[in-house]
Amino acid sequence: MKNKTRFLTYLFIYLGFGMSIYAQSLLDKLDKEYPETPQYEIATFKSTRIGIGHSIENRKKGVLQVVAMNRYWNIPNRPSQSFVADKWSARIALEYGISDRLTFGVGGTTLDGIFDGFLKYRLLHQQKGSGGSPISLTLFQNASYKSKRNRPFVDVNVFDDFTDKMAYTSQILIARKFTPQFSLQLSPTFIHRASSAFDEDPHNHFAVGFGARYKIGGHISIASEYYYVVNPLKSIETYDAFSLGVNWEMSDLMLQFMMTNTRGMVEDAFILQTPNNFNLNDGNFIFGFNATFVLHLSQKKL
Amino acid sequence: MNKIIILILLLITITGFDTTSDQFMTRQGQVSFFSYTSVENIEAKNNQVLSIIDFAKGEIAVSMLMNAFVFKKSLMHEHFNESYIESDLYPKATFEGKIIDFEPLATGVQTKMVKGNLTIHGITKEVEIKTTIENTNGTYRLIGDFEATVKDFDIKIPPVLAPNIAKTISIQFRFEYQPYEK
C-alpha cells in the first residue's frame with residue numbers, strides 16, 4: 001500500500017515534469033538566453049534642461065546642441081504699446097558632447113551681458129531592475145562673467161577688475177526615473193561670487209533645486225523646477241526661482257515653454273538674483289521659451 | 001520493482017524529451033528596419049537577436065530587445081525607445097510561428113513561407129513571410145524581408161512628425177543557426 005502510493009506520487013511527478021518540459025515554448029526558451037547585460041534608463045528628462053536649470057541629461061559624443069533661450073516680460077505701470085512684451089532677453093548657447101559622458105558648453109546672454117561656460121559630466125546611470133545604481137548623477141560646473149551693469153537695479157558685485165565680475169556654480173544633479181512618465185531631480189548647488197559690493201552679502205551661497213517632469217504623451221511632458229536658496233543675498237530682496245511649463249519634443253528640435261519669475265538664464269543669476277516673486281503681475285510674470293536644435297556631427301556606422 | 005519502473009520512466013524522460021538535438025539557435029541574429037520618406041531616412045540595426053528553430057515540429061521563434069537597435073543618430077535611439085516603441089512598457093519584439101512544408105534535411109537553398117504571430121509594441125499580428133533557407137553542412141541560414149504597417153501596431157506619430165516617418169517600414173532579417181546546446 002505504502003509502495004503503491006509512493007509509486008503513484010512518482011508517477012505524477014514524472015508526468016508533471018514531462019508536461020512542464022513539453023509546455024515550454026520556444027519563446028520561453030529564448031527568454032532564458034538573454035545575456036545579463038545591465039540595462040540603463042534613458043531619457044530621465046528629454047532635454048539637457050528641465051526648464052530654467054540643467055537636468056542630468058547629456059547629449060552623446062559628437063552631438064552639437066544649438067540652444068536659444070528667450071525670456072519675455074512687461075515693465076510694470078507703463079502704458080505699453082510694445083508688441084507681445086516690453087522686454088526680451090535671450091541666451092544663445094552651443095553645447096557639444098565631447099564624449100558620451102562629458103559635455104562642454106558656452107553661452108551669451110543679452111540681459112546684463114553675461115557670458116558663461118560650463119562642463120557637465122555624467123557620473124552614474126540609473127540601472128533598470130534590481131542591482132546597479134538606483135539614481136543618475138551628473139556633476140555640473142560653470143563660470144559666468146557679467147559684463148554689464150544692471151541699471152536701475154542695484155549691482156551686488158564690484159565691476160573693477162575682470163575677476164570681480166565672475167561667479168562660479170557647482171551642482172550635483174541627482175535624478176531618478178520613477179516610472180516611464182515621472183522623473184524627479186534634486187540639485188544641491190554651491191555658488192561662489194568673486195566679489196561683493198556690500199559687506200553684508202556672503203560670497204558663498206548654498207541652494208537646493210527641485211525638478212520634476214511628468215510625461216503626458218509620447219512627445220509632451222510637463223516640467224517644473226524650484227530653487228531654494230539657503231543663504232540669500234541680504235543687500236537686495238530676492239526670491240526663489242520657480243518655473244512651470246511644457247516640454248515638446250519633435251525630432252531634432254526640443255521646444256520648452258514655461259511660466260517663471262526669473263529673467264536670468266545662467267545659474268548664479270537665476271538662483272541668487274531673482275528680484276520678484278512668482279505671480280501674474282506685469283514685471284513679475286515672465287514667459288520663457290527655449291528652443292534646442294540637435295545636430296549630429298558624427299553619426300554611427302551601422 | 002517500483003524502483004525499476006521509476007528508473008525506466010526517468011530514462012524515457014531524459015531521452016524521450018531531450019529534443020535539443022533537433023533545435024538550432026542563434027544569438028547574433030540581425031534585424032534591420034528602414035523608413036524612407038522625402039524628409040528623412042531612418043535606418044536601424046539590431047545584431048543581438050535571438051532565434052531558435054525546432055526541426056522536429058518545424059517551429060521557429062524570434063525574440064529581440066528593442067533598445068538593442070542601433071541608429072545612425074544617437075538621439076533617434078532615444079526617441080525610438082521613449083516616444084514611439086515605448087520600450088519601458090514593451091521591451092521586446094517577438095515572433096512565433098511555423099515554417100510551412102519545411103524540409104530540414106534538404107541541402108542547398110529552399111524558399112518557404114513562415115507563418116506566425118508577430119508582436120511589436122504589445123500588439124500581435126498574424127504575418128506570412130517569404131524566407132530563404134540555406135542549409136550548408138548542418139548550419140542553417142534564414143534570410144528574408146517583409147513590410148509592417150506602423151498603424152497596425154498602435155505606434156503613435158504626432159501629426160507634425162507624420163512626414164518624417166514612413167507609413168510602412170521595411171524589415172530585413174538574417175539569422176545563422178548553430179546546433180543548440182544547453
Side-chain angles (χ1 to χ4, degrees), chain A residues 3-4 6-8 10-11 13-15 17-22 24-35 37 39-44 46 57 59-63 65 97 100 128 177 179-181 215 217-220 248-254 294-296 298-302, chain B residues 1-3 5-6 9-10 12-13 16-19 23 25 27 32 39-40 43-45 48 50-54 57 59-65 67-68 70-79 81-84 86-89 91-92 94-96 119 155-158 160-161 164 180:
Chain A
N3 269 345
K4 206 171 183 181
R6 189 191 264 173
F7 171 71
L8 278 173
Y10 279 125
L11 188 69
I13 290 171
Y14 159 75
L15 283 173
F17 184 57
M19 276 169 68
S20 76
I21 280 187
Y22 206 73
Q24 190 191 27
S25 78
L26 290 177
L27 270 183
D28 294 334
K29 215 166 189 170
L30 286 182
D31 275 344
K32 290 180 193 115
E33 290 292 333
Y34 276 108
T37 44
Q39 301 287 330
Y40 296 105
E41 290 286 0
I42 56 162
T44 307
K46 282 268 175 99
E57 294 297 337
R59 286 288 161 250
K60 294 275 189 289
K61 188 183 175 179
V63 176
Q65 278 199 155
D100 283 357
K128 281 183 185 173
K177 194 176 185 179
T179 69
Q181 283 81 32
K215 241 172 97 177
H219 297 256
I220 297 176
W248 186 25
E249 165 252 307
M250 26 194 286
S251 189
D252 291 338
L253 189 65
M254 178 82 194
V294 180
L295 280 164
H296 290 77
S298 72
Q299 299 195 350
K300 282 196 188 96
K301 281 210 179 85
L302 294 186
Chain B
M1 172 61 191
N2 279 341
K3 274 188 183 153
I5 290 171
I6 289 158
L9 284 176
L10 269 175
I12 292 168
T13 316
F17 286 95
D18 183 20
T19 52
Q23 292 185 344
M25 172 149 188
R27 290 177 180 85
S32 32
V39 182
E40 191 174 30
E43 190 183 341
K45 197 173 187 182
Q48 298 161 42
L50 302 178
S51 179
I52 192 164
I53 302 183
D54 190 316
K57 289 178 236 156
E59 284 178 357
I60 180 169
V62 181
S63 181
M64 72 197 85
L65 286 175
N67 67 9
V70 180
F71 291 74
K72 278 184 180 168
K73 294 180 176 179
S74 57
L75 196 64
M76 274 186 184
H77 173 260
E78 185 180 308
H79 291 165
N81 285 291
E82 265 286 306
S83 311
Y84 297 101
E86 298 176 274
S87 60
D88 276 332
L89 301 169
K92 286 169 193 165
T94 57
F95 176 82
E96 200 172 22
T119 308
I155 295 161
K156 291 180 200 83
I157 297 167
V160 202
L161 294 170
N164 295 47
Y180 176 61

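Residue numbers start from 1 in every chain, and the chains themselves are labelled A, B, ... in the order their sequence lines are given, proteins ahead of strands. All heavy atoms count here, side chains included; hydrogens, waters and symmetry mates do not. Because the structure is a prediction, the values reported are computed rather than measured.
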Assess whether atom NZ of A:K301 is packed by more than 12 heavy atoms of other residues, nucleotides or ligands within 6.0 Å.
no

Go through B:K92, B:K156, B:K45 and name the one with the most non-hydrogen pairs under 4.5 angstrom from chain A.
B:K92

Can you tell which of B:I52, B:D54, B:L50 makes a side-chain contact (heavy atoms from CB on, under 4.5 Å) with A:K29?
B:I52

Side-chain contact, heavy-atom cut-off 4.5 Å: B:K57 with A:L26?
no

Among the options A:A43, A:G62, A:P180, A:P35, pick out the one with the most heavy-atom pairs lying under 4.5 Å from chain B.
A:A43

To the closest 0.5 Å, what do you measure between CZ (B:R27) and OH (A:Y34)?
12.5 Å

NE2 (A:H296) and CZ (B:F71) are apart, to the nearest 0.5 Å, by 11.0 Å

Identify the heavy atoms of B:S83 and A:G218 that sit nearest to each other, and give their distance.
OG-O, 3.2 Å

Which residue out of B:E59, B:H79, B:E86 racks up the most heavy-atom pairs below 4.5 Å with chain A?
B:H79

Inspect the surroundings of NZ in A:K300 and state if more than 12 heavy atoms from other residues, nucleotides or ligands are less than 6.0 Å away.
yes

Between A:V294 and B:K73, is any pair of side-chain heavy atoms under 4.5 Å apart?
no

Top of B:M64, B:H77, B:M76 for chain A proximity - count of heavy-atom pairs under 4.5 angstrom
B:M64

Structural part of B:I60 lying under 4.5 Å from a heavy atom of chain A:
backbone

Considering all heavy atoms, the nearest A:L30-B:A61 contact:
CD1-O, 3.5 Å

Note: vs chain B, highest number of non-hydrogen pairs under 4.5 angstrom among A:Q299, A:K128, A:K60, A:H219 is A:H219

Within the 4.5 Å heavy-atom criterion, are A:L302 and B:V70 side-chain neighbours or not?
yes

Return the minimal non-hydrogen interatomic distance between A:M250 and B:V160, and the atom names on each side.
CE-CG1, 3.7 Å

Using only heavy-atom distances, determine whether the side chains of A:K61 and B:S74 contain a donor-acceptor pair under 3.5 Å.
no

Output yes when B:E82 and A:K215 qualify as a salt bridge under the 4.0 Å nitrogen-oxygen rule, no when they do not.
yes

Of all heavy-atom pairs linking A:S251 and B:L75, the shortest is O-CD2, 4.0 Å

For chain A, which candidate among B:P91, B:S87, B:S51 shows the most heavy-atom pairs at distances under 4.5 Å?
B:S51

Side chain, backbone, both or neither: which part of A:K177 has a heavy atom under 4.5 Å from chain B?
side chain

